[in-house]
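Every value quoted in this text rests on a predicted model; they were computed, and no experiment measured them.
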Amino acid sequence: MKQIPYSFDLNQPDFIPSTYDNHIKRHLSAMKGQYLDQQAFDAMMNDDPLLYEVYELQRPTVEGELLHGISIVHPGKVGNEFNMTKGHFHEVLDTGEIYYCLKGHGYMVMETPEGEWAVEVLYPGRVLYVLPRWAHRSVNISLQEDLITFFVYPGDAGHDYGTIEQQGFRKLIIDKDGEPAIVDNPRWGVSETA
Ligand code: F6R
Ligand code: ZN
């Protein structure tokens, strides 16, 4: 881990950081219970495709540090739902996060434990502030291009994946006649993994 200030490049077309410490790959198998169409999910599990990747610069997970890196959601669908990240609350719920979209076209789906929800559009040059308390999931609404975002959040934030794994998000993003549509998740709150 670097002990002096540093800089790095995010170059087109892939925007992979010129230096990084971790490369995380998430396949379909990591998303059990999150996609509505269970049959489509099972059929695709033979190939277990790579859905998204994260490149991280490693920093101490303490207050005062900023964790940062690149998230790449590959294009595709499971049933009629667009490829997406697992999504999470931060373990320290009162933690915000900044996303800056570098490439592609996406939605950030967000919700609070109190039942509010929001969807913001991501496109190159767009900055998104995820407020403290808001769970967040990126969805790639293009079927051709990667959705690539730069993210930065406080070092002590931590991640709570379990809540989303158990209850899902209130809203799903589906392909409706070639257009992305925001629909209610009929299985919201119903545990698939328990
Ligand atoms: C970190 C953050 C992003 C995501 C990344 C992958 O707090 O929000 O770096 O971690 O987009 O998504 P998840 O972590 O939900 O698998
Ligand atoms: Zn986050």
Side-chain angles (χ1 to χ4, degrees), residues 13-15 23-55 69-90 97 99 101-124 126 128 130 134-149 151 159-194:
D14 297 330
F15 295 101
H23 179 197
I24 300 157
K25 296 182 189 175
R26 291 243 213 262
H27 291 258
L28 185 67
S29 48
M31 302 292 288
K32 196 171 180 300
Q34 290 304 307
Y35 286 101
L36 190 60
D37 188 337
Q38 194 63 49
Q39 268 187 335
F41 182 93
D42 291 343
M44 289 174 69
M45 269 304 289
N46 291 329
D47 296 333
D48 195 13
L50 177 64
L51 299 188
Y52 65 100
E53 305 177 61
V54 179
Y55 291 86
I70 292 295
S71 164
I72 304 174
V73 185
H74 297 301
K77 290 188 289 184
V78 178
N80 60 7
E81 254 179 288
F82 291 102
N83 283 2
M84 60 193 187
T85 60
K86 283 167 79 84
H88 55 264
F89 287 95
H90 287 279
E97 181 161 352
Y99 279 84
C101 183
L102 296 160
K103 185 177 184 175
H105 207 178
Y107 282 172
M108 187 70 80
V109 180
M110 296 168 281
E111 68 182 46
T112 65
E114 289 74 31
E116 298 159 282
W117 66 272
V119 172
E120 284 291 322
V121 180
L122 295 167
Y123 51 83
R126 191 75 167 166
L128 166 67
V130 179
W134 288 74
H136 40 286
R137 158 181 284 167
S138 359
V139 182
N140 185 346
I141 58 168
S142 162
L143 293 175
Q144 280 85 41
E145 248 189 331
D146 285 338
L147 172 67
I148 307 184
T149 50
F151 59 82
H159 292 93
D160 163 18
Y161 287 102
T163 305
I164 297 298
E165 277 169 8
Q166 280 173 27
Q167 71 188 23
F169 274 80
R170 289 167 189 270
K171 299 290 172 182
L172 304 177
I173 309 301
I174 62 164
D175 183 347
K176 196 175 177 200
D177 306 322
E179 295 293 327
I182 304 167
V183 298
D184 286 338
N185 177 1
R187 284 217 314 261
W188 186 85
V190 180
S191 174
E192 271 290 321
T193 51

Do Phe151 and Val130 pass the side-chain contact (heavy atoms from CB on, under 4.5 Å) test, and can you show the C-alpha distance, the side-chain angles, and the key distance before you say yes or no? CA-CA 10 Å; Phe151 59 82; Val130 179; over 6 Å; no

If you look at every heavy atom in [X] and [Y], which pair is closest and at what distance?
| X | Y | value |
| --- | --- | --- |
| Leu51 | Tyr35 | CD1-OH, 3.7 Å |
| Gly104 | Pro124 | O-CD, 3.1 Å |
| Gly79 | Ala40 | N-CB, 3.4 Å |
| Gly33 | Arg187 | O-NH2, 3.2 Å |
| Pro75 | Ser142 | CB-O, 3.4 Å |
| Val73 | Thr85 | CG2-CG2, 3.8 Å |

Can you name the salt bridge (Lys or Arg N to Asp or Glu O under 4.0 Å) partners of Glu179, sequence neighbours left out?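 Listed in chain order: nothing, the list is empty.
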
Heavy atoms, side chains only, cut-off 4.5 Å: are [X] and [Y] in contact?
| X | Y | value |
| --- | --- | --- |
| Met45 | Leu28 | yes |
| Pro49 | Met44 | yes |
| Tyr99 | Arg126 | no |
| Asn185 | Leu36 | yes |
| Ile70 | Thr149 | no |
| Val139 | Asn83 | no |
| Lys171 | Asp184 | yes |
| Trp117 | Ile182 | yes |

Are the side chain of Asp160 and the backbone N or O of Gly162 linked by a donor-acceptor pair below 3.5 Å?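 Present.
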
Using modelled atom types and a 3.5 Å cut-off, is there a donor and acceptor pairing between side-chain atoms of Lys103 and backbone atoms of Pro13?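 Side chain of Lys103 to backbone of Pro13: a pair is present.
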
Measure up the His90 and His88 rings against each other and bin them: parallel (under 30°), tilted (30 to 60°), perpendicular (over 60°).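 Perpendicular: the ring planes of His90 and His88 meet at over 60°.
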
Determine which pairs satisfy side-chain hydrogen bond (donor to acceptor under 3.5 Å, both in side chains) with at least one residue from residues 70-81, sequence neighbours left out, and list them in order.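 Sorted pair list: Glu53-His74, His74-Asp146, Lys77-Asp175.
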
Given Ile164, which partner from the list Gln34, His136, Lys86 fulfils the side chain to side chain contact (heavy atoms under 4.5 Å, CB included) test?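 Filter result, single survivor: Gln34.
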
Side chain to side chain donor-acceptor pair (under 3.5 Å) evaluation trace for His105 with Tyr123: CA-CA 5 Å; His105 207 178; Tyr123 51 83; over 6 Å; no

In Å and rounded to the nearest 0.5 Å, what is the [atom1] to [atom2] distance from [X] to [Y]?
| X | Y | atom1 | atom2 | value |
| --- | --- | --- | --- | --- |
| Ser29 | Phe41 | OG | CZ | 7.0 Å |
| Glu97 | Trp134 | CD | CH2 | 15.0 Å |
| Asp14 | Tyr55 | CG | OH | 8.0 Å |
| Ser138 | Phe82 | OG | CZ | 14.5 Å |
| Ile72 | Ile148 | CD1 | CD1 | 4.5 Å |
| Leu128 | Leu122 | CG | CG | 5.5 Å |

On the ring face of Tyr52, is Arg137 found with NZ or CZ under 6.0 Å from the centre and within 45° of the axis?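 Not flagged: Arg137 not positioned over aromatic ring of Tyr52.
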
Return a table of donor-acceptor pairs under 3.5 angstrom between the side chains of residues 107-115 and protein atoms on other chains or two or more places apart.
from   : atom 1 : to     : atom 2 : distance (Å)
Glu111 : OE1    : Arg170 : N      : 2.6
Glu111 : OE2    : Trp188 : NE1    : 3.4
Thr112 : OG1    : Glu114 : N      : 3.3
Thr112 : OG1    : Gly115 : N      : 3.4
Thr112 : OG1    : Glu116 : N      : 3.1
Thr112 : OG1    : Glu116 : OE1    : 3.1
Glu114 : OE2    : Arg133 : NH2    : 2.6

